[in-house]
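Remarks on the structure that follows.
In what follows, residues are counted from 1 in the order of the sequence shown.
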Amino acid sequence: MKSAQAERLADELHMPSLPEMMFGDNILRIQHDRGFGIEFNATDALKCVNNCQGMIKVACAEEWQESRNEPEHTKEVVKPYDWTYTTDYKGTLLGDTAALKVVPTTEHINTEKLKAREQIMFFEEVLLFEDELHDHGVSSLSVKIRVMPSSFFVLLRFFLRVDGVLIRMNDTRLYHEADKAYMLREYTSRESKISSLKHVPPSLFTEPNEISQYLPIKETICEKLEFPEKMEPKPEASLETTCVKSK
């Protein structure tokens, strides 16, 4: 993202600065030929950062903030600044005349089906943003998609590690089976103080897939994204996946 665009977006979001690596042109979009669908992008994810709550306070926070070369206009920002960029973003719904209907559900993604050996027709990982918190950890958001003949699976992951303080992980999983007129979306938020992970090898702190099992679940939301009514899933009218990545 160009500096001028970044400044405008930061001003719009009431943030002194955006993540160091902001991939504003990167998008993962899943859209039906009738227009409805869901996409994942960095701008909408940052709009979900809650700047109305107190930030994580660490010894290095003031030093980190002073190290940022902020433009003059940011001095006028009066809202608290969540320098960890924590977001509970779950995707952006698409569609004007027809749109997905979000309803709570007790149905969960069948992980056993995901373990089954099936041809992977398409796989992609898209990085949306990343910031090293001035060498005091990492804050990142990425999305992966895996498409099989009978289904597709998406994992959107926000991962935060503030060295010596905490580890936080917000995962959104999206799953669709070809013969179903809905997608399942599961959001899970996990978090732990570093002081509570003394039994865990520190080498795992940098491995989201490995550390997740040691992080207590703070919140879980299960939803169905139902297709518009009076429409049955048809092979010739399927969802289409589009990935746009910066070069």
Side-chain angles (χ1 to χ4, degrees), residues 1-31 35-58 61-97 99-100 102 125-134 136-143 154 156-162 168-172 174 185 187 189 219 221 223 225 242-247:
M1 178 175 284
K2 296 180 180 179
S3 59
Q5 292 177 308
E7 287 185 21
R8 284 196 298 270
L9 181 58
D11 186 60
E12 177 187 338
L13 299 177
H14 303 286
M15 290 181 175
S17 64
L18 299 179
E20 292 170 330
M21 290 177 280
M22 172 76 177
F23 301 96
D25 295 330
N26 285 6
I27 298 173
L28 172 64
R29 180 180 297 121
I30 302 168
Q31 191 167 25
F36 66 87
I38 186 170
E39 77 171 33
F40 303 90
N41 67 78
T43 299
D44 287 342
L46 289 175
K47 289 178 180 178
C48 293
V49 174
N50 192 341
N51 280 332
C52 296
Q53 293 183 347
M55 305 179 291
I56 295 173
K57 301 292 185 181
V58 295
E62 185 173 345
E63 171 194 344
W64 178 90
Q65 180 63 59
E66 291 176 352
S67 73
R68 311 287 281 210
N69 294 321
E70 314 298 354
E72 286 297 320
H73 78 277
T74 62
K75 294 180 180 179
E76 300 175 2
V77 176
V78 296
K79 288 189 176 182
Y81 177 39
D82 183 356
W83 60 284
T84 70
Y85 303 108
T86 295
T87 178
D88 59 359
Y89 179 60
K90 306 175 188 66
T92 304
L93 298 185
L94 306 173
D96 296 323
T97 57
L100 294 165
V102 181
E125 179 174 7
V126 182
L127 182 60
L128 300 178
F129 70 71
E130 185 171 326
D131 193 292
E132 294 183 350
L133 308 179
H134 193 52
H136 294 300
V138 67
S139 172
S140 67
L141 183 69
S142 62
V143 59
V154 174
L156 173 73
R157 169 166 288 170
F158 170 79
F159 179 73
L160 171 70
R161 186 190 76 251
V162 181
R168 176 183 294 154
M169 189 181 301
N170 293 341
D171 283 350
T172 295
L174 187 70
R185 182 169 67 180
Y187 170 81
S189 181
E219 182 181 18
I221 301 174
E223 299 168 318
L225 306 186
T242 303
C243 285
V244 179
K245 298 177 70 175
S246 299
K247 296 182 179 180

| Any donor-acceptor pair under 3.5 Å from Asn170 side chain to Thr87 backbone | yes

| What are the two closest heavy atoms between Cys48 and Asp88, and how far apart are they? | CB-OD1, 3.5 Å

| request: Check Ala6 against Leu18 and note the closest heavy-atom contact, atom names and distance. | output: O-CD1, 3.5 Å

| field | Salt bridge present between Asp44 and Lys47 (N-O < 4.0 angstrom) | value | yes

| request: Report yes or no: does Ser139 contribute a side-chain atom to a donor-acceptor pair with the main-chain N or O of Thr84 at less than 3.5 Å? | output: yes

| Is it true that a side-chain atom of Arg168 and a backbone atom of Thr86 form a donor plus acceptor pair closer than 3.5 Å? | no

| Audit row: Glu39, Gln31, side chain to side chain contact (heavy atoms under 4.5 Å, CB included) steps and yes/no | CA-CA 8 Å; Glu39 77 171 33; Gln31 191 167 25; over 6 Å; no

| Rounded to the nearest 0.5 Å, how far apart are CD of Gln5 and CG of Asp25? | 6.5 Å

| task | Start with the C-alpha gap between Val162 and Trp83, add the side-chain angles, then the distance that decides, and say whether side chain to side chain contact (heavy atoms under 4.5 Å, CB included) holds. | result | CA-CA 11 Å; Val162 181; Trp83 60 284; 4.2 Å; yes

| Between the side chain of Glu20 and the main-chain N/O of Glu132, is any donor-acceptor distance below 3.5 Å? | yes

| Is Val154 close to Ile30 at the side-chain level, that is, under 4.5 Å between some pair of heavy atoms? | yes

| message | How long is the straight-line distance from OG1 of Thr172 back to CZ of Phe40, given to the nearest 0.5 Å? | response | 7.0 Å

| How long is the span from the OG1 atom in Thr97 to the CZ atom in Phe36, to the nearest 0.5 Å? | 10.5 Å

| field | side chain to side chain contact (heavy atoms under 4.5 Å, CB included), paired with Arg185, selected from Ile38, Leu156, Ile221 | value | Ile38

| said: Rounded at 0.5 Å granularity, tell me how far NE2 in His136 sits from CG in Asp131. | reply: 11.5 Å

| field | Nearest atoms (heavy-atom pairs only) where Leu127 meets Leu141 | value | CD1-O, 3.5 Å

| query | Between Tyr85 (side chain) and Glu130 (backbone), is there a donor-acceptor pair under 3.5 Å? | reply | no

| message | Would Leu160 and Leu133 count as a side chain to side chain contact (heavy atoms under 4.5 Å, CB included) here? Give the steps. | response | CA-CA 10 Å; Leu160 171 70; Leu133 308 179; 3.9 Å; yes

| field | Test log, rule side chain to side chain contact (heavy atoms under 4.5 Å, CB included), inputs Met15 and Asp82 | value | CA-CA 8 Å; Met15 290 181 175; Asp82 183 356; over 6 Å; no

| said: So, applying side chain to side chain contact (heavy atoms under 4.5 Å, CB included) with Ile27, which one of Val126, Thr92, Asn41 is it? | reply: Asn41

| query | Side chains of Pro19 and Leu128: does their closest heavy-atom pair fall under 4.5 Å? | reply | no

